[in-house]
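Structure record follows, encoded as structure tokens.
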Amino acid sequence: MSKNESNQKPTNFIHQIIEDDIQNNVHGGDVVMRFPPEPNGYLHIGHAKAICLNFGTAEKYKGICHLRFDDTNPEKESQEYIDSIISDINWLGYQWTGEIRYTSSYFDQLYSWAKHLISEGHAYVCDLSAETAREYRGGFNQPGTDSPFRNRSVEENLSLFERMKNGEFKEGACSLRAKIDMNAANMNLRDPMLYRILHTSHHQTGDKWCIYPNYDFAHGQSDSIEGVTHSLCTLEFEDHRPLYDWFIENLPVPSKPKQYEFSRLELNYTITSKRKLKQLVDDQVVTGWNDPRLPTISGLRRRGYTAASLRHFCDMIGVTRSNGIVDMGMLEAAIRDDLDSTVPRAMCVTRPLKVTLTNMEAGVEEWFELPAHPKDESMGTRRVGLTRNLLIEQEDFVEVKPPAKNKHEKWKRLALGDAVRLRGAYVITCNEVIKDATGEIIELLCTYDPATKGSNPEGYKPNGVIHWVSEELSLPCEVRLYDRLFTEANPDGDKERNFMDCLNPDSLVVLPDARVEVGLKDAPAETRYQFERTGYFCIDKDSNADKLVINRTVTLRDSWAKAKN
RNA sequence: AGGGGUAUAGCCAAGCGGUAAGGCAACGGGUUUUGAUCCCGUCAUGCGUAGGUUCAAAUCCUGCUACCCCUACCA
């Protein structure tokens with residue numbers, strides 16, 4: 001689809017609004033977006049949705065998009081998070097316009113606007129404690145009560161606010177509040193807090209400030225300073241929109257941005273709550289923010305997901321205002337779709353079973369030149385070596401074939417007395433099974449048919465095709481099999497049970513004795529492959545000169561596994 | 001004295017008064033030296049529910065119901 005065609009029709013309700021605005025010359029026809037993360041954790045798949053929406057919308061309508069760190073709470077934020085967020089956005093393939101913005105760099109302007117509000121009689125310094133203020137606020141069914149400090153004079157408020165800024169009060173001693181309506185049905189309008197005292201140094205502004213604006217007082221005005229036209233956020237901020245607008249109307253701001261809300265992304269069998277993700281990291285349930293089991297951008301990246309697949313996934317799920325839980329299968333479909341056409345094939349035996357080719361001389365090597373991709377010749381070829389001693393997958397052999405009632409249940413692998421094709425090489429027949437004292441199969445004695453290189457055998461038919469490696473001409477590797485982190489589809493949603501109680505004990509299975517074809521030698525971290533018949537894999541950064549470490553991104557679709565169930 | 005939202009297939013989602021797109025999943029079939037990919041086909045007389053308006057309603061109106069969000073000096 002050409003860029004022009006993709007612009008033919010709006011893809012979601014936000015785009016409809018923007019197209020109407022452009023049509024009607026609202027905001028002078030400009031489209032200025034922004035992605036405003038708080039640097040208090042790593043970005044996850046839900047943020048990817050917001051990133052694609054904001055940056056993608058700017059691209060689509062030839063507008064611009066800022067990156068702004070919404071850093072008004074120094075107690076929970078850090079430079080580490082800032083760095084990770086920058087890296088994740090770049091990796092996803094987006095570039096913000098101009099410098100990185102920080103809400104904290106608007107603190108002077110915000111402070112002066114707070115004084116403006118006070119001067120207009122729209123804000124006051126309140127000495128109520130947080131707890132008392134909560135009581136005064138009332139409830140959903142009770143009106144609030146005016147603070148006893150609500151009618152302080154402008155002069156007194158100005159003086160008190162300056163003293164707050166100068167550090168004359170302890171944390172919690174007082175706060176600046178907007179004077180709106182303690183009877184408002186919308187709780188956000190019951191004289192919301194604007195500034196609190198926090199004797200905490202800030203990762204960007206150091207010790208310059210001991211009062212910090214909160215989200216509501218900072219966000220819309222920051223949007224306005226940057227000339228943001230369409231300020232997108234998630235549904236839970238919908239009730240804040242009247243407040244957002246109230247500040248824009250009551251302050252001499254340079255532009256009038258509009259807030260629009262869309263629904264958060266929820267994915268089943270995982271969590272997308274920064275607080276809970278942080279708990280998994282802090283409690284060492286996972287190895288870090290980039291653990292491949294986490295739905296963080298860095299975790300998905302380490303798992304083997306591509307940026308393109310994440311962007312495609314975001315296109316697939318759309319943008320609406322209805323709450324839903326997207327099936328993890330959609331994410332998997334997105335990565336399979338990408339990797340199938342872009343990634344070279346290789347063979348890896350994850351749980352090896354020894355096979356001896358009795359009619360092949362020891363010490364002889366035969367090399368096969370196999371295509372890197374079955375449909376894309378431009379990807380070239382790879383060399384795979386065959387010797388007398390082979391390794392095949394344990395689950396690719398049975399002594400006696402299981403009965404098959406239909407073609408889906410047919411055994412298409414090796415069996416005693418049967419033949420099977422070694423992928424890209426010869427057809428072999430299993431003549432004898434060797435077991436140890438416990439009865440476990442430890443070796444297969446087979447013969448290969450020299451006439452079957454590149455052509456079908458005469459007089460008999462192999463069951464199917466299996467993958468293999470030579471024992472000598474292969475590399476040792478550790479394969480890490482990942483599965484869903486939780487056993488429940490909605491670990492977050494059950495109020496009775498804690499999400500920590502439904503962790504999947506098999507979310508990581510380590511296979512230490514896998515072998516992979518020699519072509520993977522020295523492959524750098526993040527190199528991706530399809531291991532034929534097995535799945536998509538990715539070299540992990542834990543690899544070293546002696547041993548590759550390989551993460552399974554996702555299995556291949558497996559109709560055999562389905563037929564068995 | 002409550003306020004704000006959302007309901008279209010198992011999941012996501014188009015639709016904007018003219019007779020239910022698409023994707024994921026599932027299920028059949030074809031191709032295949034990957035049980036993959038690819039290709040073909042099936043999958044809502046129905047749009048939370050009950051009424052109403054209309055020649056015509058998922059779309060407009062009214063009443064119900066279910067679910068989500070809101071009473072942080074977090075964002």
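Every value quoted in this text rests on a predicted model; they were computed, and no experiment measured them. Chain A is the first sequence line, chain B the second, and so forth, proteins listed ahead of strands; every chain is numbered from 1.
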Return the value, rounded to whole Å, for the distance between atom [atom1] of [X] and atom [atom2] of [N].
X	N	atom1	atom2	result
A/Asn188	B/G3	CG	P	15 Å
A/Glu332	B/A25	CD	P	9 Å
A/Lys407	B/C27	NZ	C1'	13 Å

- Look at A/Arg177 and B/C73 and indicate whether a side-chain polar atom (N or O) is within less than 4.0 Å of OP1 or OP2.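 So the side-chain polar atoms of A/Arg177 never come under 4.0 Å of the phosphate oxygens OP1 or OP2 of B/C73.
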Which listed nucleotide ([options]) is nearest to the side chain of [X]?
X	options	result
A/Ala130	B/U71, B/A36, B/C73	B/C73
A/Pro374	B/A36, B/A75, B/G2	B/A36
A/Arg196	B/C70, B/A75, B/U34	B/A75

- B/G48 pairs with, by Watson-Crick or G-U criteria that keep both distances under 3.5 Å: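 The base-pairing partner of B/G48, which may sit in any strand shown, is B/C64.
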- Task: Sugar-phosphate means primed atoms, P, OP1 and OP2; the rest is base. With that split, encode nucleotides 7-12 of chain B 5' to 3' as B, S or - using protein heavy atoms under 4.0 Å.
- Result: ----BS
- Using a cut-off of 4.0 Å on non-hydrogen atoms, how would the nucleic acid contact of A/Lys410 be classed: base, sugar-phosphate, or nothing?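 Touches a base.
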- Task: Could you tell me if the ring centre of A/Tyr536 sits under 6.0 Å from that of A/Phe531?
- Result: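 No, the ring centres sit 6.0 Å or more apart.
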- Can you check whether A/Ser224 reaches A/Phe247 side chain to side chain, under 4.5 Å on heavy atoms?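 They are not in side-chain contact.
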